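A short write-up of the structure that comes next.
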Amino acid sequence: MWLITVLISVAIAKQTLAPYLKNLKRPLNIAHRGASGYIPEHTLQAYDVAAYMSADYIEPDLNPTKDFHLVINHDNLLNETSNVELLPQFAYLHTTKVVQTYSGNVTETGWFVEDFTLEQIKQLKAKQRLSFRPATFNYLLDKITIDEALQWAVNQNEERKKNKKPLVGAYIELKNPAYYNSKGFPVQQMLLDTLKKFGVDDLKGASERCPIILQCFELETLQFFSNVTDLPLVYLIDSGAGLPYNMTEYASIVHGVGPNLGFLFNGKFDSTGFVALAHQNDLFVHPWTIRDDVLPKGFTVKEYYLKLLYENVDGIFTEFPDSATAYFNL
Ligand SMILES: *[C@@H]1O[C@H](CO)[C@@H](O)[C@H](O)[C@H]1NC(C)=O
Ligand SMILES: *[C@@H]1O[C@H](CO)[C@@H](O)[C@H](O)[C@H]1NC(C)=O
Ligand SMILES: *[C@@H]1O[C@H](CO)[C@@H](O)[C@H](O)[C@H]1NC(C)=O
Ligand SMILES: *[C@@H]1O[C@H](CO)[C@@H](O)[C@H](O)[C@H]1NC(C)=O
């Protein structure tokens with residue numbers, strides 16, 4: 001009886017968020033930084049390939065430029081994913097800073113998004129972050145803004161609607177908003193203005209044009225969005241930040257949690273009950289990240305997906321969305 005009540009309440013919470021959780025018979029396929037296992041992350045081409053592989057969402061990470069544009073890059077360091085260090089015109093922007101992150105204040109050296117104008121960012125070309133992945137597309141593709149990504153998604157969805165295909169969404173993360181606020185960048189308002197510009201700042205507009213989910217490691221920023229929009233919100237949690245977790249508190253602000261996969265299993269890979277506990281609190285669960293080329297010891301890709309299906313996750317962040325498409329539709 002207890003189980004049935006829990007299942008029904010989770011089902012109702014999910015119904016209200018349709019079409020975001022779309023096909024409730026299987027978890028969401030969320031393409032982490034696009035199809036980043038194949039194509040340099042956070043390029044339109046990485047998003048295109050992800051959409052082609054039937055990902056439900058692409059997953060942009062946002063950082064502001066000096067002239068207040070939201071550029072898509074995993075964090076504020078540009079050298080991991082671009083050719084910045086090869087371009088002498090930007091040598092003067094190489095510097096060291098203390099960056100306030102969810103896991104504490106970190107000293108970083110490199111080239112920072114917030115020191116570049118958009119025009120300068122557009123002089124860079126993307127590269128594959130991980131040395132063991134294909135370098136075929138290095139130094140060919142552009143860095144992009146959230147405006148370009150949303151325009152891509154809205155255009156893509158116009159076509160999909162004509163062909164009665166499911167829409168592709170954007171699962172957007174604001175990186176280190178407290179840090180950027182302290183440096184004078186109102187990134188929450190900047191994102192809200194951008195969503196408004198595309199008519200996707202509420203559930204109704206977003207479900208017609210481009211489903212949006214907002215995710216963040218900082219609850220304060222999610223509280224800001226819960227005050228101004230009915231879009232689904234996801235609190236990201238990593239070991240080291242905000243522990244022990246408090247599902248009751250999260251459920252009062254957000255609709256779902258995005259835990260590091262380590263929260264779901266103990267050392268012997270038995271369930272910790274994390275997903276079930278989140279579900280009891282009406283929170284959906286989208287853990288991160290499956291990398292087919294960096295699997296836990298002893299697992300094949302298929303076995304790992306089956307393990308997650310058995311845990312009853314509601315979605316998964318993956319860098320190889322073709323595998324999620326294959327294994328979630330078994
Ligand atoms: C990080 O630095 C900020 C700004 O200097 C400060 O307000 C904050 O307390 C620091 N956080 C930690 C965890 O030390
Ligand atoms: C980028 O810069 C960081 C910080 O200086 C450094 O740790 C890292 O090795 C650099 N990465 C690449 C690919 O150059
Ligand atoms: C959200 O709204 C509440 C109630 O009006 C207000 O107290 C709070 O400061 C707001 N939070 C943010 C982060 O905007
Ligand atoms: C968890 O959060 C709730 C709601 O914010 C609060 O009432 C409760 O005291 C918190 N529990 C713990 C153990 O911190």
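Order of appearance sets the numbers: ligands from 1, and atoms from 1 within every ligand. For reference, positions follow the sequence shown, starting with 1. Not measured: the values here are computed from a predicted model.
Tested against E41, the residues R129, R133, K143 include a single salt bridge (charged side-chain N to carboxylate O under 4.0 Å, His left out) partner, R129.
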Are any protein N/O atoms closer than 3.5 Å to the N/O atoms of ligand 1? If there are, list each pair with names and the distance to one decimal place.
residue  : atom   : partner : partner atom : Å
ligand 1 : 2 (O)  : N105    : OD1          : 3.4
ligand 1 : 2 (O)  : N105    : ND2          : 2.4
ligand 1 : 11 (N) : N105    : ND2          : 3.0
ligand 1 : 14 (O) : N105    : ND2          : 3.2

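With ligand atoms numbered from 1 in the order given, ligand 3 contributes 1 (C), 2 (O), 3 (C), 8 (C), 10 (C), 11 (N), 12 (C), 14 (O) to contacts under 4.0 Å with heavy atoms of N227. Close contacts of ligand 3 with F224, meaning ligand atoms under 4.0 Å from a residue heavy atom, involve 12 (C), 13 (C), 14 (O). In summary, the atoms of ligand 3 found under 4.0 Å from a heavy atom of E220, numbered by their order in the structure, are 13 (C).
Geometrically, ligand 4 and N246 share a nitrogen or oxygen pair separated by less than 3.5 Å.
One finds a salt bridge joining D56 and R26 here, because a Lys/Arg side-chain nitrogen approaches an Asp/Glu carboxylate oxygen to under 4.0 Å.
Counted within 6.0 Å of CD on E220, heavy atoms from surrounding residues, nucleotides or ligands total 12 or fewer; the atom is thus considered open. Other residues, nucleotides and ligands place more than 12 heavy atoms under 6.0 Å from the NZ atom of K97.
Considering only residues two or more places apart in sequence or on other chains, F198 meets the ring-ring contact (aromatic ring centres under 6.0 Å, His included) condition with none of them.
Taking the six-membered ring for Trp and the full ring otherwise, F185 and Y179 have centroids separated by 6.0 Å or more.
Identified under the ring pair (Phe, Tyr, Trp, His ring centres under 6.0 Å) test for residues 113-146, with sequence neighbours left out: F90-F116.
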Indicate every side-chain donor-acceptor pair of residues 163-171 with a distance under 3.5 Å to a residue at least two apart or in another chain.
residue : atom : partner : partner atom : Å
N163    : ND2  : E159    : O            : 3.1
Y171    : OH   : H286    : ND1          : 2.7

